[in-house]
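Working notes, beginning with the structure itself.
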Amino acid sequence: MGTQENWSGRNSKKDELRQRVWSSLVAKGVAIGDPFQSIPDFKGSDTAAALLMTIPEWECSNVMMCSPDVPQIPVRYNALQKGMTVYMAVPKLLDDRCFVELEKNMILSQNGTLAEAATWQGALKLGRYIHFEDMQQVDITVTGCVAVTKSGGRTGKGGGFADLEYAMMRRYKKITDRTPIITTVHPLMIVDESELPLQEHDTYLTMIVTPEEVIRMQIDRPQPQIDWELVQADQVASIPILRRLMKEDGLL
């Protein structure tokens, strides 16, 4: 995304890990732009997106959920070019209609381009804001990460939005525990399991795609639901759909 937020302080160990990864991307000359406090763009993101298109799950998918992050721009572009319906989360979930729906014909009918719609700014301009209830069942999902492990662990910037998005998608039965959760990253963003342990409340990855390889995980446990004890006060204050769900659960 074009704006950067600082979510440090929620987990000191993850904060330190993010700093190490961001610094490594800069030191090795693979970061595109300033990676700090963001889901970092990296050299080879387009190659990773092209490799993603070769997996069987991509071939048989018609509907994708994808994060709005910059390194996933080529993923969203390829999906739209293929003719997939793409759901992109509204940045920071600030609208009660948490996702925008993107379809090739819709974009072209507005004299937009697929390249423009693949950016988060273009998606908000050319897409249709949509409620969970009106979404189709999703076949495949792609998320942005700062660091990942080969056991399925992941961390983003630290705001917790990805975990909330996935938990809400499961709540509304738009994805299941079997829906692929994939990320495209640079190999420098893959860290040892001891640096990023997979916790019970974490949404875990089922596949990592780098510019060089596809790494699959086999994890025999359900993906987590919303854990209200872990939801932050600032998230409740800023995310309308969370307040609606809390009211449904008798918590507000």
Side-chain angles (χ1 to χ4, degrees), residues 1-19 22 34-40 65-72 86-102 119-125 127-135 138 141-147 153-175 181 183 196 198-205 223-252:
M1 288 172 52
T3 58
Q4 296 182 336
E5 301 287 347
N6 189 345
W7 301 103
S8 63
R10 297 189 177 185
N11 185 304
S12 59
K13 185 174 182 179
K14 288 183 178 179
D15 290 342
E16 293 171 2
L17 175 60
R18 293 184 195 101
Q19 290 294 328
W22 288 324
D34 179 5
F36 291 91
Q37 312 304 329
S38 72
I39 302 295
M65 166 187 164
C66 188
S67 66
D69 302 301
V70 173
Q72 280 68 53
V86 175
Y87 293 121
M88 188 200 79
V90 174
K92 294 187 280 189
L93 304 175
L94 293 178
D95 197 289
D96 186 53
R97 298 165 298 170
C98 289
F99 284 81
V100 290
E101 182 181 65
L102 298 163
T119 68
W120 69 267
Q121 301 96 325
L124 296 180
K125 172 186 172 183
R128 180 171 72 99
Y129 284 70
I130 191 167
H131 291 282
F132 278 106
E133 294 90 339
D134 299 323
M135 295 173 72
V138 170
T141 75
V142 180
T143 186
C145 298
V146 174
R154 66 164 302 279
T155 185
K157 293 178 292 184
F161 295 107
D163 287 333
L164 286 174
E165 291 161 15
Y166 278 95
M168 288 189 286
M169 289 288 283
R170 284 187 286 275
R171 178 174 175 132
Y172 282 99
K173 295 181 170 49
K174 303 305 178 181
I175 61 175
I181 301 181
T183 193
L196 183 60
L198 183 60
Q199 298 173 286
E200 287 298 320
H201 63 266
D202 289 335
T203 295
Y204 58 81
L205 299 169
Q223 295 277 13
Q225 303 298 317
I226 297 176
D227 186 340
W228 291 117
E229 293 185 0
L230 297 176
V231 173
Q232 305 285 325
D234 62 318
Q235 293 174 326
V236 175
S238 65
I239 301 175
I241 185 64
L242 272 185
R243 296 194 294 276
R244 174 149 66 101
L245 294 178
M246 290 186 78
K247 288 177 181 177
E248 288 180 8
D249 290 352
L251 299 174
L252 278 181

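- Without hydrogens or angle criteria, R154 side chain to L198 main chain gives no donor-acceptor distance under 3.5 Å.
- The shortest heavy-atom contact between G144 and Q72 is CA-OE1, 3.3 Å.
- Atom CZ of R18 is separated from atom SG of C145 by 11.0 Å, given to the nearest 0.5 angstrom.
- With rounding to the nearest 0.5 angstrom, the CG atom of L242 is 10.5 Å from the CG atom of D96.
- The distance from atom NZ of K125 to atom OG1 of T119, rounded to the nearest 0.5 Å, is 9.0 Å.
- Under a 3.5 Å cut-off, the side chain of D34 and the backbone N or O of F36 do form a donor-acceptor pair.
- When R171, R244, K173 are each tested for a salt bridge (Lys or Arg N to Asp or Glu O under 4.0 Å) with E133, only one passes: R244.
- Residues I226 and M168 form a side-chain contact, since some pair of their non-hydrogen atoms from C-beta on lies under 4.5 Å apart.
- Under the 3.5 Å distance criterion, the side-chain polar atoms of T183 are matched with a main-chain donor or acceptor of T143.
- Smallest separation of non-hydrogen atoms from G127 and L102: CA-CD2, 3.5 Å.
- Formation of a donor-acceptor pair under 3.5 Å by the Q223 side chain with backbone atoms of Y204 is found in this model.
- Put simply, the side chain of V142 does not reach to within 4.5 Å of the side chain of S67, judged on heavy atoms.
- Side chain of Q235 to backbone of G159: a donor-acceptor contact under 3.5 angstrom is found.
- The backbone N or O of P71 lies less than 3.5 Å from no partner atom in the side chain of D69, so there is not a single donor-acceptor pair.
- In this structure, the side chain of K14 does not engage the main chain of T155 through any donor-acceptor pair within 3.5 Å.
- Here the side chain of R170 pairs no donor or acceptor atom with the backbone of Q225 at under 3.5 angstrom.
- Separating the CD1 atom in I175 from the OH atom in Y166 is a distance of 6.5 Å, to the nearest 0.5 Å.
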Side chain to side chain contact (heavy atoms under 4.5 Å, CB included) between K174 and F99: does it pass, once the steps are laid out? CA-CA 12 Å; K174 303 305 178 181; F99 284 81; over 6 Å; no

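- Between V100 and D95 there is no side-chain heavy-atom pair separated by less than 4.5 Å.
- Put simply, CH2 on W22 and CD1 on I39 are 8.0 Å apart, with the number rounded to the nearest 0.5 Å.
- The shortest heavy-atom contact between D134 and I130 is O-CD1, 3.4 Å.
- For the pair E165 and M65, the minimum side-chain heavy-atom distance is below 4.5 Å.
- To the nearest 0.5 Å, atoms NE2 (H201) and CG (L230) are separated by 5.5 Å.
- Counting heavy atoms from C-beta outward, H131 and I241 have side chains that stay 4.5 Å or more apart.
- Ring pair Y172/F132 is parallel by interplanar angle, where below 30° counts as parallel and above 60° as perpendicular.
- Between V146 and P40 there is a side-chain heavy-atom pair separated by less than 4.5 Å.
- For the pair W120 (side chain) and A89 (backbone), a donor-acceptor distance under 3.5 Å is absent.
- Between the side chain of R243 and the backbone N or O of V236 there is at least one donor-acceptor pair closer than 3.5 Å.
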